[in-house]
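Reading through the structure tokens given below for one structure.
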Amino acid sequence: MSLRRGFLSGALSLAAIRAIAMIGIVFASAMLYYDWTVTMTGAKPLVVFYKWADGTNATTIDLTYNIYANLWLIDDNATYGVKNGATVSKTIYMWADSCNATTWFANYTVQILDTSGAVQATWTTTDFSSVGESTAVSWSQPAGTIYTIKVLFKGSSSVVVGSAARVNMKLKTAE
Amino acid sequence: MRRSRLNHAIAIIVLSMFLCSLFIFVNPFLFPKVLAQYTWTDTFNVYQNITVLEPSIRVIKNTYGFPIDVKVYIVDVNNIAKISLYETFGNNTEFIYIKDGVTLRTENTYNRLEPNQILAFNLLAKPTDTLGIGETITVQKKVEIYKSLVAPPPIVIPPPIVMKFPLDLKITALPAIVCQPFQPSFKSTVTIINKATVGTDVLVRWWIVDAEGKTYDGGQKTIFISGLDKKEIEISVPTPSTEGKYTLHVQSVKPTVVIAENTFQVVVIPIWMLFAVGVTVILTLYIIKKRRK
């Protein structure tokens with residue numbers, strides 16, 4: 001008899017737990033559902049780097065120079081320019097994202113020149129203490145134009161012969 | 001009998017809970033049921049070596065009259081190996097994060113989007129160098145909106161009590177036995193340590209209490225103690241006229257209350273005993289003098 005009562009009591013307790021679980025499920029029901037599908041398609045960007053030598057486009061470029069202590073190095077026309085392949089004018093932003101040898105540069109400057117050679121934007125620093133998107137400079141580039149990249153820098157006395165400094169520059173534009 | 005009552009009670013509780021849940025479930029004013037299921041489809045281009053940002057690609061505005069929770073989770077990803085970076089974020093919350101073909105965050109919930117508040121979803125996407133022109137990557141997600149549960153009352157942790165002028169006070173010298181009427185008062189030494197970095201005036205008060213709890217006045221004194229310094233002061237304590245065990249209490253009243261205490265014994269020599277001793281001494285001297293003669 002007492003075994004039966006115990007069983008009944010246990011069953012009721014189990015039922016109580018189930019009921020509480022049910023209530024929990026009821027409370028946890030969502031009111032709204034969104035099925036969200038994002039499809040990304042590989043494409044060619046409209047604003048690219050343009051290699052003057054062969055007319056090819058690139059989305060990343062490496063510009064390699066020697067650096068000398070206390071001397072300026074000026075590259076009036078880097079290997080690549082910036083091409084706006086869109087049918088509309090684009091505002092393009094440029095900044096240095098990082099530098100692995102901040103003490104090597106007494107001055108580091110990148111300029112964007114338009115087709116007439118006029119300076120449209122200048123990103124410059126003397127100590128790389130401030131880099132990143134907040135330091136971006138911008139220019140407006142008409143459709144179908146290619147602008148020149150001019151690089152100027154002066155090595156500090158900290159330059160180590162045989163080692164390399166890497167400055168990572170970034171461009172940004174709206175589609 | 002008792003078990004039977006208990007079973008009845010449990011049965012009533014279970015039934016009540018079931019009816020409550022049913023009432024809540026069927027009552028749209030208390031708990032809205034699933035209102036609708038929508039489909040969002042977004043398509044955009046991605047480029048090798050380029051990170052594409054789609055700001056506010058989807059926006060949820062809370063049009064309910066109560067806070068809601070917004071849960072976002074991944075259902076399926078097609079061509080995940082071609083993803084260098086994919087992130088869904090908004091209102092300082094990261095919901096989905098895929099890096100180099102590996103899903104590092106599959107879901108997250110934005111809790112308590114208040115009425116009329118907006119949750120704007122942004123996407124960041126960068127394919128691998130191997131993604132061909134025209135090739136696609138598809139990320140299927142689900143967004144679920146819940147009514148926020150009532151937040152539990154916040155647990156208030158009281159801030160630690162920081163004494164503005166932490167002091168330490170000790171009775172460093174006190175005679176164990178004091179004799180009346182030879183010592184109508186006696187001296188005790190109290191050491192006060194100022195643990196604060198700034199100096200302060202310390203008002204010290206003292207009194208004595210007998211075994212029955214009767215209090216006898218002592219005195220008070222103010223002393224300046226420099227920051228992180230200590231000073232010893234000598235206090236004068238009036239000796240009670242009644243024999244017994246007493247407790248000396250010394251308290252710093254300002255700027256911080258600290259109490260120290262110690263016990264001492266009062267021994268009272270009666271007048272008649274003093275008189276008797278005096279008479280004895282005089283008589284002794286008189287007898288000695290007589291014998292010499």
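Note that the structure is a prediction, hence the values are computed from the model and not measured. Residue numbering restarts at 1 for every chain, and letters A, B, ... go by the order of the sequence lines. Values below: every heavy atom of this structure, side chains too, minus hydrogens, waters and symmetry copies.
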Passes side chain to side chain donor-acceptor pair (under 3.5 Å), Lys141(B) versus Thr88(B)? Steps please. CA-CA 10 Å; Lys141(B) 292 174 280 193; Thr88(B) 305; 2.9 Å; yes
Taking the six-membered ring for Trp and the full ring for Phe, Tyr or His, determine whether the centres of Tyr38(B) and Trp40(B) are under 6.0 Å apart.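 No, the ring of Tyr38(B) stays outside the 6.0 Å limit from the ring of Trp40(B), centre to centre.
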Anything in residues 113-139 of chain A with a heavy-atom distance to chain B below 4.5 Å? Please list those residues in order.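 Residues qualifying by a heavy atom under 4.5 Å from chain B are absent, so none.
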Contacts of residues 37-49 of chain A with chain B (heavy atom under 4.5 Å):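 Counting heavy atoms that sit under 4.5 Å from chain B, the residues of residues 37-49 of chain A involved are Thr37(A), Val38(A), Thr39(A), Met40(A), Thr41(A), Gly42(A), Ala43(A), Lys44(A), Pro45(A).
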Only pairs at least two apart or in different chains count here, so list each side chain to side chain donor-acceptor pair (under 3.5 Å) that has a residue in residues 157-171 of chain A.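 Applying side chain to side chain donor-acceptor pair (under 3.5 Å) to every pair that reaches into residues 157-171 of chain A, excluding sequence neighbours, yields Asp62(A)-Arg166(A).
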Pairs in or reaching into residues 77-119 of chain B: which pass ring pair (Phe, Tyr, Trp, His ring centres under 6.0 Å), with residues at least two apart or in two chains?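 Applying ring pair (Phe, Tyr, Trp, His ring centres under 6.0 Å) to every pair that reaches into residues 77-119 of chain B, excluding sequence neighbours, yields Phe95(B)-Phe121(B).
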Is [X] close to chain A through its backbone or its side chain, or both, or neither, when contacts mean heavy atoms under 4.5 Å?
X: Thr51(B); value: neither
X: Leu53(B); value: neither
X: Ile133(B); value: both
X: Ile137(B); value: both
X: Glu135(B); value: backbone

Take the angle between the ring planes of Tyr108(A) and Phe105(A) and call it parallel below 30°, perpendicular above 60°, tilted in between.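 The arrangement is perpendicular - the two ring planes meet at more than 60°.
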Heavy atoms only, distances under 4.5 angstrom: which of Gln140(B), Glu54(B), Gln48(B) has the most pairs with chain A? Name it, please.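 So the answer, after comparing Gln140(B), Glu54(B), Gln48(B), is Gln140(B).
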Pick from Asn79(B), Thr41(B), Thr136(B), Asp42(B) with the largest number of heavy-atom pairs that fall under 4.5 Å of chain A: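 If we count pairs closer than 4.5 Å to chain A, Asp42(B) comes out on top.
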Does Lys142(B) make a cation-pi contact with Tyr73(B), if we ask for NZ or CZ under 6.0 Å from the ring centre and within 45° of the axis?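 Pair Lys142(B)/Tyr73(B) does not count as cation-pi.
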